[in-house]
Amino acid sequence: MKESILHYVWQNKLFIVPDLQTTDGEKLEIIDVGRNNADAGPDFFNAKIRIGDTLWAGNVEIHAHSSDWYKHNHQSDKAYDSVILHVVLHADGDVYRRNGDLIPQLELIYPRQIDTNYERLFSQQKWIPCSDKIDLVPSIFIQNWKNALLTERLEQKKNSIEKLLAENNQHWEQAFYITLARNFGFGTNSQAFDTLAKSLPISVLGKHKDNIVQLEALLFGQSGLLNQEKQDDYSIKLKKEYDFLRAKYKLNPQDGSQWKLLRLRPGNFPHIRIAQFAALIHSSTKLFSKIVEDPKIESLQKLFENEPSAYWNSSYLFGNKSTIHVKKLGIQSINGILINTVVPFLFCYANYKNNDELKDKAIQLLEVIPAERNSIIRGWQELGLNSETAFDTQALIHLKKQYCDEKKCLRCRIGHKVLTLPRAE
């Protein structure tokens, strides 16, 4: 762990600068600490350092002890021939390149409260490591960090979408359809929906989009749910349609046991979500193209306000009647789809088209969608970080999952502020 702190101190130039010297007593000036290397090889690339009267350009390696150079066998690795400075906490011996040249070393001196604050952060079992210090961080600083976090989250989602596009021959509608289906699972049934969409191409559904019965037959048949439950006239009708379409398109249904109902409210049952998904396909053509053409919040919300077929007005499951109630998507569910599917795809497509205006529109959607409500956002509220829009909540969700839960305090701007507090309170 000590070496991680040394990396952090070096990268952020937190070392004590006046009168820097090598372990041999030569004057040393750090012009550029270099670029952090996350892969194999020296820790920092392209550093610029003046030693005596000579300006050096090259790489920097960091260890807790000089002897770690030999423990890691760097003395016989050509990748380390370009190291111009060995930065250590304790110099316990000289180090050499493969050709026998001596490598200058610097014993890093830095404020020791960084160690104290770091140990305090990681010794306490809290919801986030800095929960008792975050109130000391200025709100404007946190807002700026949230801006960066949101961009990072969208970039991460963009990378996932690009991978999905590659798997689907750059077919944007198909990739959007798979991602949309996954998010219709709303967490609990996301994987089952993903399997369903990948087993049933959008091109097949498109051939039957004008017939809601055939759409439901395809979706429920592929889901495996038609084989699991009490039969009634409608499910028998769907099964008959599906058997024909299955043979026609050579489809293989998934295992219906993947779907989860336990602890779900009836409105979230997979049957209702599948019926809503079928209604969406029934009412739209080239859905992603429509979204790109008119990415305004009112248009998008209206696009997803679809009512399932009449059968589901009085049913939550096959063969079980319920009180009549139109089961279209609620506004919170629609907003969830916009946040997790529409915005990332618009961002990715804008990047693909090099369209900064569309990219701004994607981010602006998050600025007008109300804040999400979940356990992570409630946790931040308890610490005084309130959210007004989905822009805030998406940033804070990313912060919690990618930094706090992973204990990446050394890479977090809030963690940086906490670690450099004058003293541990």
For a quick test of reading the model, state the closest non-hydrogen atom pair linking [X] to [Y] and the distance between them.
X      : Y      : value
Lys157 : Ile339 : NZ-O, 4.2 Å
Pro266 : Ile272 : O-CG1, 3.7 Å
His7   : Phe44  : O-CZ, 3.9 Å
Ile376 : Leu396 : CG2-O, 4.3 Å
Ser190 : Gly187 : OG-N, 2.9 Å

Indicate the ring-plane relationship of [X] and [Y], choosing parallel, tilted or perpendicular according to the 30° and 60° boundaries.
X      : Y      : value
Tyr177 : Phe277 : parallel
Trp380 : Trp127 : perpendicular
Tyr349 : Tyr352 : tilted

Are [X] and [Y] close enough for a salt bridge, meaning some N to O gap below 4.0 Å?
X      : Y      : value
Arg98  : Asp81  : yes
Arg378 : Glu382 : no
Glu305 : Lys302 : no
Asp194 : Lys198 : yes

Would you compute the distance between atom [atom1] of [X] and atom [atom2] of [Y] and round it to the nearest 0.5 angstrom?
X      : Y      : atom1 : atom2 : answer
Leu180 : Thr341 : CG    : OG1   : 5.5 Å
Asn73  : Asp68  : CG    : CG    : 13.0 Å
Ile297 : Lys361 : CD1   : NZ    : 13.5 Å
Gln394 : Ile377 : CD    : CD1   : 8.5 Å
Lys359 : Leu154 : NZ    : CG    : 9.5 Å

Given the rule in the ring-ring contact (aromatic ring centres under 6.0 Å, His included) test, do Phe318 and Phe220 qualify, once you have shown the distances and angles that lead to the verdict? CA-CA 11 Å; Phe318 288 117; Phe220 280 109; 5.0 Å; yes
Please determine if [X] forms a cation-pi arrangement with [Y], meaning its NZ or CZ atom is less than 6.0 Å from the six-membered ring centre and no more than 45° off the ring axis.
X      : Y      : result
Lys327 : Tyr316 : yes
Lys417 : Phe141 : yes
Arg112 : Tyr110 : yes
Lys158 : Phe347 : no

Are the side chain of [X] and the backbone of [Y] linked by a donor-acceptor contact shorter than 3.5 Å?
X      : Y      : result
Ser387 : Thr389 : no
Gln254 : Ala192 : yes
Gln301 : Ile334 : no
His208 : Leu215 : no

The test is side chain to side chain donor-acceptor pair (under 3.5 Å); show your working for Asp255 and Ser257 and say whether it passes. CA-CA 5 Å; Asp255 183 355; Ser257 65; 2.9 Å; yes
Side-chain donor-acceptor pair under 3.5 Å between [X] and [Y], yes or no?
X      : Y      : value
Asp360 : Gln364 : no
Gln214 : Tyr242 : no
Thr23  : Glu107 : no

I want to know whether [X] and [Y] have ring centres closer than 6.0 Å.
X      : Y      : answer
Trp312 : Phe269 : no
His72  : Tyr80  : no
His63  : His65  : no
Trp69  : Tyr96  : no

Evaluate the side chain to side chain donor-acceptor pair (under 3.5 Å) criterion for residues Gln105 and Thr22: first the C-alpha distance (whole Å), next the side-chain angles of each, then the deciding distance (0.1 Å), finally the verdict. CA-CA 5 Å; Gln105 295 191 95; Thr22 67; over 6 Å; no
